[in-house]
Student: 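Before I ask anything, here is the structure I am working with.
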Amino acid sequence: MLKDMFKKTYTLIDTKYKGQTREPNIPEGLWRKCRKCGQPVYRDDVVDSLYTCPKCKAYFRVHAFRRIEITADKGSFEEWDSTMEFGNPLDFPGYEDKVREAREKTRLNEAVVTGTCLINGEKTALGVCDSRFLMSSMGHVVGEKITRMVERATAQRLPVIIFACSGGARMQEGCVSLMQMAKTSGALKRHHEAGLLFVSVLTDPTTGGVTASFAMLGDVILAEPGALIGFAGPRVIQQTIGQKLPEGFQRSEFLLEHGFVDRIVPREEMKDTLGKLLYMHRVSGAGCGAGRKACGKDDNGGAFEEAADGLRDRAGKAFVSEKTAWEHVQLLRRADRPTALDYIEMIFDDFMEFHGDRYFGDDGAVVGGLAMFHGQAVTVIGQQKGKSTKENISRNFGMPSPEGYRKALRLMKQAEVFGRPVICFVDTPGAFCGIEAEERGQGEAIARNLFELSDLKVPVLSVVIGEGGSGGALAMAVANEVWMMENAVYSVLSPEGFASILWKDSKRAEEAAGVMKITAGDLLKLGIVDGVISEREPACGDNLKEIAWDMEEMICGFLDEYGCMSSGELQKQRYDRFCRF
């Protein structure tokens with residue numbers, strides 16, 4: 001009733017002064033003014049919408065304990081280091097008074113709250129910065145609280161989640177503040193080496209020394225929409241270089257596009273996203289027998305092994321196709337042929353895509369992230385083509401740039417830390433050969449993948465589902481086993497390119513395809529691939545489910561066989577496999 005009365009009053013005032021420039025008279029405590037649209041909004045409406053503006057959907061900054069309230073399971077948060085001794089290391093004039101005022105205003109001991117909680121039943125250490133306390137700048141107490149939280153989480157083998165929000169280093173503490181960057185980073189390094197998950201959530205604003213330390217060190221980096229994120233603030237940059245900054249510069253969306261953020265997560269989805277991440281990392285590395293359990297087979301494995309062996313026999317240790325090589329090429333280039341994402345969505349559950357190479361950008365020609373395979377967490381990566389001209393342009397027709405290969409490698413190395421199998425879907429005409437790709441180190445990026453994949457400590461499976469074009473395909477196919485779809489091809493170069501180089505005539509592509517030995521049957525005989533997935537009819541949307549089921553059964557067999565191996569055995573098997581050639 002009171003809410004309706006004030007809304008009616010504001011409407012009358014708004015009507016009276018319509019067309020005039022004025023500041024609305026907002027009753028204190030009942031209404032809040034949105035900094036983006038400038039409109040008054042009822043306080044309870046803001047709270048009910050998780051501190052977003054009901055009118056323009058802009059985000060309000062959230063106090064630390066409010067953030068904990070909307071993130072942690074009810075009653076589960078236990079605070080750590082609620083009080084810590086404060087000092088003024090530089091004897092900076094007036095610093096003690098500022099801290100005292102901040103404590104009185106916020107009722108906080110310092111600019112970060114740390115502790116442990118449950119998120120959808122998953123236990124984690126949690127740190128939340130509060131911008132009300134000296135803009136959540138990082139002084140020695142903030143650095144110490146975060147370091148202690150990470151150390152305690154490492155000792156208790158807990159994941160860590162930090163909601164970052166900061167203006168950067170605390171100026172009043174000079175180089176003492178600077179040292180907190182190294183201290184927090186060192187603690188997180190030890191947490192990482194212990195094989196534990198760190199999720200960094202970037203909120204508005206995350207800048208300066210916090211950005212250049214713990215905030216950007218997450219195994220997974222999430223961001224709220226529209227958050228300001230950067231090392232140097234936009235005003236400092238503008239004053240330094242004397243140029244107007246582009247629209248959206250240093251916002252979450254800008255960082256996603258430039259490869260520094262895994263996902264942008266709306267506030268209403270944040271708790272479930274974090275809960276899913278915690279769960280998927282907890283069940284990573286299921287180990288021996290995972291494939292058998294994944295497919296619901298008993299521990300004796302008789303039915304499972306019979307099914308898997310049958311598929312492998314049918315798939316063909318001596319696979320023979322009635323089609324010519326060129327016919328296979330034509331079939332795999334059909335617009336309705338399923339893509340990597342089609343297989344990922346059909347075979348796996350809860351796929352959570354991650355973006356970016358952490359260096360330059362996010363390449364749409366490579367998709368990858370976390371997924372569940374019947375109770376086991378896996379890392380899934382695919383080279384992705386589009387299904388329309390517009391999508392093909394956005395995905396560069398499935399031709400990865402260096403940042404695509406670096407994204408893939410980042411996800412593979414992440415899988416290694418957490419003991420997750422890696423499953424790759426290969427489908428590319430070849431690595432992108434543009435000027436910008438060379439400028440950013442295309443050859444080095446592919447070479448680095450070959451180098452690192454050769455001794456990855458987890459099982460790696462690669463499936464050529466379409467085109468396996470040259471080194472661009474091999475960069476995701478240094479695996480314990482490599483399979484091919486019946487109508488896929490895998491070659492040193494496209495038939496057109498082969499004919500152009502050797503015979504100076506690209507029109508002889510059909511003839512080239514016949515002599516290159518690029519089909520699944522040819523490569524199975526050569527030992528280049530280990531299995532062929534049957535296409536009773538050429539793969540398309542109509543038979544995707546049937547093909548995906550066959551592939552799923554074979555993946556079960558792969559996980560069962562290789563999930564039992566030690567890291568040394570996996571590395572040796574993979575190395576020996578390629579030394580045969």
Side-chain angles (χ1 to χ4, degrees), residues 59 67 71 112 119 124-129 136 138 146 149-150 153 159-166 168 181 184-185 187-189 191-192 195-231 248-267 269-278 280-281 284 351-363 366-370 379 381 403-404 406-418 420:
Y59 281 19
R67 177 78 71 177
T71 303
V112 66
I119 299 179
T124 183
L126 179 67
V128 182
C129 297
S136 195
M138 185 162 64
I146 290 173
M149 175 187 69
V150 174
V160 168
I161 297 171
I162 300 179
F163 283 84
C165 174
S166 179
M181 296 167 61
T184 55
S185 300
L188 285 168
K189 173 66 173 175
H191 185 263
H192 175 80
L196 300 168
L197 173 69
F198 168 41
V199 181
S200 180
V201 185
L202 310 179
T203 71
D204 184 60
T206 302
T207 60
V210 166
T211 303
S213 56
F214 68 84
M216 297 304 290
L217 294 176
D219 297 297
V220 178
I221 300 179
L222 308 178
E224 287 194 326
L228 175 67
I229 304 163
F231 179 58
F249 180 70
Q250 290 186 315
R251 295 291 168 178
S252 302
E253 296 74 14
F254 177 89
L255 268 77
L256 182 72
E257 180 184 347
H258 287 80
F260 297 104
V261 170
D262 281 295
R263 293 174 72 89
I264 294 175
V265 182
R267 192 169 285 171
E269 298 175 15
M270 186 62 75
K271 179 176 180 178
D272 285 343
T273 299
L274 292 172
K276 187 184 291 187
L277 277 170
L278 293 172
M280 292 170 88
H281 280 81
S284 289
F351 175 61
M352 186 181 293
E353 185 177 355
F354 293 154
H355 296 270
D357 65 347
R358 296 287 199 273
Y359 292 102
F360 177 82
D362 181 53
D363 184 2
V366 175
V367 297
L370 267 176
T379 290
I381 304 167
E403 48 271 23
R406 288 171 180 140
K407 173 168 66 173
L409 181 59
R410 177 175 76 84
L411 295 176
M412 291 175 190
K413 296 298 286 184
Q414 184 186 91
E416 183 177 52
V417 170
F418 298 108
R420 289 193 295 268

Student: Using the side chain to side chain contact (heavy atoms under 4.5 Å, CB included) definition, which of the options L277, V199, L278 pairs with P159?
Tutor: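 For P159, the side chain to side chain contact (heavy atoms under 4.5 Å, CB included) test succeeds with only one of L277, V199, L278, which is L278.
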
Student: In the structure I gave you, are the side-chain heavy atoms of L202 and I221 within less than 4.5 Å of one another anywhere?
Tutor: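 Side-chain contact under 4.5 Å: yes.
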
Student: Indicate yes or no for a side-chain donor-acceptor contact from T206 to the backbone of S166 under 3.5 Å, with no hydrogens or angles considered.
Tutor: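 Not confirmed, T206 side chain does not pair with S166 backbone.
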
Student: Donor-acceptor check, side chain of T207 to backbone of F231, threshold 3.5 angstrom: yes or no?
Tutor: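 Checked: no pair found.
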
Student: What's the shortest heavy-atom distance between A125 and M149, and which atoms?
Tutor: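 Where A125 meets M149 most closely, the heavy atoms are CB-CG, 4.1 Å.
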
Student: Give a yes or no on whether the backbone of C165 and the side-chain of S136 come within a donor-acceptor separation of less than 3.5 Å.
Tutor: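 Yes: the side chain of S136 pairs with the backbone of C165.
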
Student: Out of M270, K276, K271, which one pairs with I119 under the side chain to side chain contact (heavy atoms under 4.5 Å, CB included) rule?
Tutor: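 For I119, the side chain to side chain contact (heavy atoms under 4.5 Å, CB included) test succeeds with only one of M270, K276, K271, which is K271.
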
Student: Are any side-chain N or O atoms of T124 and backbone N or O atoms of L126, one a donor and one an acceptor, separated by less than 3.5 Å?
Tutor: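 Answer holds: no.
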
Student: Using the test salt bridge (charged side-chain N to carboxylate O under 4.0 Å, His left out), find all partners of R267 that sit at least two apart in sequence or belong to another chain.
Tutor: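 Residues passing salt bridge (charged side-chain N to carboxylate O under 4.0 Å, His left out) with R267: E224.
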
Student: Going by heavy atoms in the side chains, are L411 and F354 under 4.5 Å from each other?
Tutor: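 Answer yes - side chains close enough.
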
Student: So I229 and Q250, do their side chains get closer than 4.5 Å, heavy atoms only?
Tutor: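 Heavy-atom side-chain distance check fails, nothing below 4.5 Å.
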
Student: Would you call E403 and R406 a salt bridge, taking side-chain N to carboxylate O under 4.0 Å as the test?
Tutor: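 Not counted as a salt bridge, because no side-chain N and carboxylate O are separated by less than 4.0 Å.
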
Student: Is there side-chain contact between V261 and L222, with at least one heavy-atom pair below 4.5 Å?
Tutor: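 No - every pair of side-chain heavy atoms lies 4.5 Å or more apart.
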
Student: Contact between V112 and M138 at the side-chain level, heavy atoms closer than 4.5 Å - yes or no?
Tutor: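 V112 vs M138: side chains apart.
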
Student: Can you tell me if H192 uses its side chain to pair, donor with acceptor, with the backbone of L188 under 3.5 Å?
Tutor: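 Not confirmed, H192 side chain does not pair with L188 backbone.
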
Student: Decide yes or no for T184 and S213: does some side-chain heavy atom of the first lie under 4.5 Å from some side-chain heavy atom of the second?
Tutor: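 Yes, at least one pair of side-chain atoms sits under 4.5 Å.
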
Student: Backbone N or O of D363 within a donor-acceptor pair of the K407 side chain at under 3.5 Å?
Tutor: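 A pair under 3.5 Å: yes.
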
Student: Do you know which two heavy atoms are closest between S252 and G226, and how far apart they sit?
Tutor: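 Scanning both residues completely, I find the closest heavy atoms to be OG-N, 3.7 Å.
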
Student: With a 4.5 Å limit on heavy-atom distance, are the side chains of F214 and S200 in contact?
Tutor: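 A side-chain contact under 4.5 Å is absent here.
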
Student: Applying ring pair (Phe, Tyr, Trp, His ring centres under 6.0 Å), can you list everything that pairs with F254, at least two apart in sequence or on another chain?
Tutor: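 Partners of F254 under the ring pair (Phe, Tyr, Trp, His ring centres under 6.0 Å) test: F249, H258.
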
Student: Are side-chain heavy atoms of I161 and F198 found at a separation under 4.5 Å?
Tutor: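 I161 vs F198: side chains apart.
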
Student: Can you list every salt bridge (charged side-chain N to carboxylate O under 4.0 Å, His left out) pair that touches residues 248-264, not counting sequence neighbours?
Tutor: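 Pairs touching residues 248-264 that pass the test: D204-R251, D262-R358, D262-R410.
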
Student: Would a distance-only check, ignoring hydrogens and angles, find a side-chain to backbone donor-acceptor pair under 3.5 Å from T379 to L370?
Tutor: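 Not confirmed, T379 side chain does not pair with L370 backbone.
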
